Amino acid sequence: MGQVYNEFHRRSIEDREGFWREQAALVDWHKPFDRVLEYSRPPFARWFVGGETNLCHNAVDRHLATRADQKALVFLSTETDTEQHYTYRQLHDEVNRCAAVMQSLGVGRGDRVLLYMPMIPEAAVAMLACARLGAIHSVVFGGFASHSLATRIDDASPKLIVSSDAGMRGGKVVRYKPLLDEAISLSGNKPEAVLLVNRGLDPEYTTVPGRDHDWATLRARHMDARVPVTWLESNEPSYILYTSGTTGKPKGVQRDVGGYAVALAASMKHIYQGNPGETMFTTSDIGWVVGHSYIVYAPLIAGMTTIFYEGVPIRPDAGIWWKIVQDHRVTVMFSAPTAIRVLKKQDESFVKRHDLSSLRHLFLAGEPLDEPTHRWIADVLGHPVIDHYWQTETGWPMLTSVPGVEATPVKFGSPSFPAYGYDLRLFREDGSEAGADEKAVVGVVPPLPPGCLSTVWGDDDRFVKTYFSMFRDRLIYSSFDWGIRDADGYHFILGRTDDVINVAGHRLGTREIEEAVQSHTAVAEVAVVGVADQLKGQMPLAFAVVKDPARTATPEARAALEKEVMAAVDGQLGAIARPARVHFVTMLPKTRSGKLLRRSIQALAEGRDPGDLTTLEDATALDQIRVAVQAPK
Ligand code: AMP
């Protein structure tokens, strides 16, 4: 860790109140807070107690004085071939209209509003309108199907659902409304009203009279609406975001208002270095935490222009993202390693033909970033690529380099250092602290910093039991990730504690084996899962995508490559980690947001039901796994 950042981080822990009081000045407060931190009921932390503020005010209204005519949101859809710009003034108008519409449908402070929407600007407008009213939004990823949606409706009991006729992905219409209707019929908590943006994509679109309302019609009735901001005490909930855990029941991560606003504003300054007037492009979806924090709230709080992109990275061609960076002079970009690996399979001229001189950094998160991918993208971009690590629960980075405070050298495979505010340490399973180079659980000594989840929606007990009960004698937030810290203070994430595989009594991370498999130059992508083995408890099994199909064109070629890959693992980790088999497939099963469905692969490999596949990108990938594991050697 660099000297300057080390000192910055130390102060954020040792002088928490002083540190966060300073950061709190980055946002507007309607009423100043009485106390920076109230921590009388561990592990529940209350930040900026007594202060009143509002996320919509900070994201939109407060910029009107200085940047009303600057673009706030640029909507780009390569699916519908649309480009729309909203200045801060226009965004303010739209948010007021939407807030008035929501009010007319009975929504007020503390009410839940569930959003099930494609990446259209109305989604951001609806989120901000909720924030304006003090209503609690819960965005459900558009890739979830009826059952998942119904469980979330049941848990959040929304007064209103905002949705759309359809989304589009890869040129195909994805119908939302029938799934929503089915979810509502499955749910025990039926909303009073549904507000629908009809994009005209679905010729079979139908509405339910009395319950369903048309966005455009109601908007037209409120064109001049001005809805005052509802000032909220800093600790009131701003939103719920469901995330899957080890049980079938989704957990509603609940976020506050003031702490979240401050954490995001501070992250834009110190980590992302996004300045007012510049443009940020985050390639996620509003259904995920990255979309909440870094497509919608943070760039707007920072007075930036945010790119709101509907489309995939390889359509119309693999240069589309870089064209967006060039055309909109993007300075901060945020994406996920998988997407970069997809692009890596394409010709690098797709990147290089664009003028990327505006770009300062590319940030990647969500899954481990392997060294070959990191090197490749950093080389072709010619700009620093920052691996950073965080979770839905934390809302902003936990491990990162912090270039706004001090530029520190990259170590490949490492998301660097604990972010300021996190007393992040590595714990052995008995709760004692691990030393350098020792694999242990990534934990955070509470209080968690501002911006992190304040509880699990409607279930304080579950919050404590899920996140703070891993170690018997110490109240520690568990990330459920394994990690390691080297002598220089760099951290490496080694996979989920709940995905660990145990081979003949030896613990191995599937992640480590994947890196080893990927060290073979023929391999583009790989998934390793642990499968039950009568003799050894578990054995790793690998499913690999090769760069050149010729390498696996014949059974002989496959067998030869399989041997080579195994030898590579032997060489990197030892024979203990060698996969029982390396199956070659042309694609891996992933969610639509690009995450590998490891558990489903594992289930199939063990002949079990692959589980909830509602977020699956492409079913053929799973079929390949099925066929591969059944094929005789
Ligand atoms: P989610 O809450 O869905 O964003 O998933 C969070 C999990 O993704 C973490 O607990 C990690 O297991 C993994 N993760 C996120 N970012 C990284 C990263 N930079 N490196 C390694 N794993 C990561």
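Heavy atoms only: backbone and side chains are in, while hydrogens, waters and symmetry mates are out. Start at 1 and go down the list; that is how both ligands and their atoms are numbered. These numbers come from a predicted model, not from an experiment.
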Novice: Which of the numbered atoms in ligand 1 are below 4.0 angstrom from a heavy atom of Ile493?
Specialist: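 Contacts of ligand 1 toward Ile493, numbered from 1: 21 (C), 22 (N).
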Novice: How far does OG1 of Thr373 sit from CG of Leu364, to the nearest 0.5 angstrom?
Specialist: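 The CG atom of Leu364 is 9.5 Å from OG1 of Thr373, to the nearest 0.5 Å.
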Novice: Against heavy atoms of Asp481, which atoms of ligand 1 measure under 4.0 Å?
Specialist: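 What qualifies from ligand 1 is 9 (C), 10 (O), 11 (C), 12 (O).
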Novice: Atoms of ligand 1 less than 4.0 Å from Lys595 heavy atoms?
Specialist: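 Contacts of ligand 1 toward Lys595, numbered from 1: 1 (P), 3 (O), 4 (O), 5 (O), 8 (O).
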Novice: Does a salt bridge link Glu525 with Lys345, judged by any charged N lying under 4.0 Å from a carboxylate O?
Specialist: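 Yes, Glu525 and Lys345 are salt-bridged.
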Novice: Which atoms of ligand 1 sit under 4.0 Å from any heavy atom of Glu367?
Specialist: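 Counting from 1, the qualifying ligand atoms are 14 (N), 15 (C), 16 (N), 17 (C), 18 (C), 19 (N), 20 (N), 21 (C), 22 (N), 23 (C).
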Novice: Is it true that Glu438 and Arg485 have a side-chain N and a carboxylate O under 4.0 angstrom from each other?
Specialist: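 No.
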Novice: So for ligand 1, is Gly366 a polar contact partner (N or O within less than 3.5 Å, distance only)?
Specialist: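 So ligand 1 has an N or O lying under 3.5 Å from an N or O of Gly366.
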Novice: Show me the side-chain donor-acceptor pairs of residues 408-415 shorter than 3.5 Å, one per line, residues at least two apart or across chains.
Specialist:
from	atom 1	to	atom 2	distance (Å)
Lys411	NZ	Asp486	OD2	2.7
Lys411	NZ	Asp488	OD2	2.6
Ser414	OG	Ser416	N	2.9
Ser414	OG	His491	N	3.4
Ser414	OG	His491	O	2.5

Novice: What distance do Phe427 atom CZ and Ser479 atom OG have between them, rounded to the nearest 0.5 Å?
Specialist: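 That separation rounds to 10.5 Å.
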Novice: Among all protein heavy atoms, pick the one closest to atom 6 (C) of ligand 1 and tell me residue, atom and distance.
Specialist: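 In this structure, atom 6 (C) of ligand 1 has Trp390 O, 3.5 Å as its nearest protein heavy atom.
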Novice: Between His388 and ligand 1, which part of the residue brings a heavy atom under 4.0 Å of the ligand: side chain, backbone, both or neither?
Specialist: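 Near ligand 1, His388 shows its backbone, while the atoms from C-beta on stay back.
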Novice: Between Phe480 and ligand 1, which residue portion shows a heavy-atom distance shorter than 4.0 Å: side chain, backbone, both, or neither?
Specialist: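 Contact part for Phe480 vs ligand 1: neither.
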Novice: Could you tell me whether Arg152 and Asp154 make a salt bridge, using a distance below 4.0 angstrom between a side-chain N and a carboxylate O?
Specialist: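 No, no charged N to carboxylate O under 4.0 Å.
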Novice: Would you mind telling me if ligand 1 is within reach of the side chain of Asp387, the backbone, both or neither, using heavy atoms under 4.0 Å?
Specialist: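 Asp387 to ligand 1: side-chain contact only, backbone stays beyond 4.0 Å.
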Novice: What class does the angle between the rings of Tyr467 and Tyr477 fall in, given that below 30° is parallel, 30 to 60° is tilted and above 60° is perpendicular?
Specialist: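 The rings of Tyr467 and Tyr477 lie parallel, inter-plane angle below 30°.
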Novice: Output the list of atoms in ligand 1 that are nearer than 4.0 Å to some heavy atom of Thr392, sorted by atom number.
Specialist: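 What qualifies from ligand 1 is 1 (P), 2 (O), 3 (O), 4 (O).
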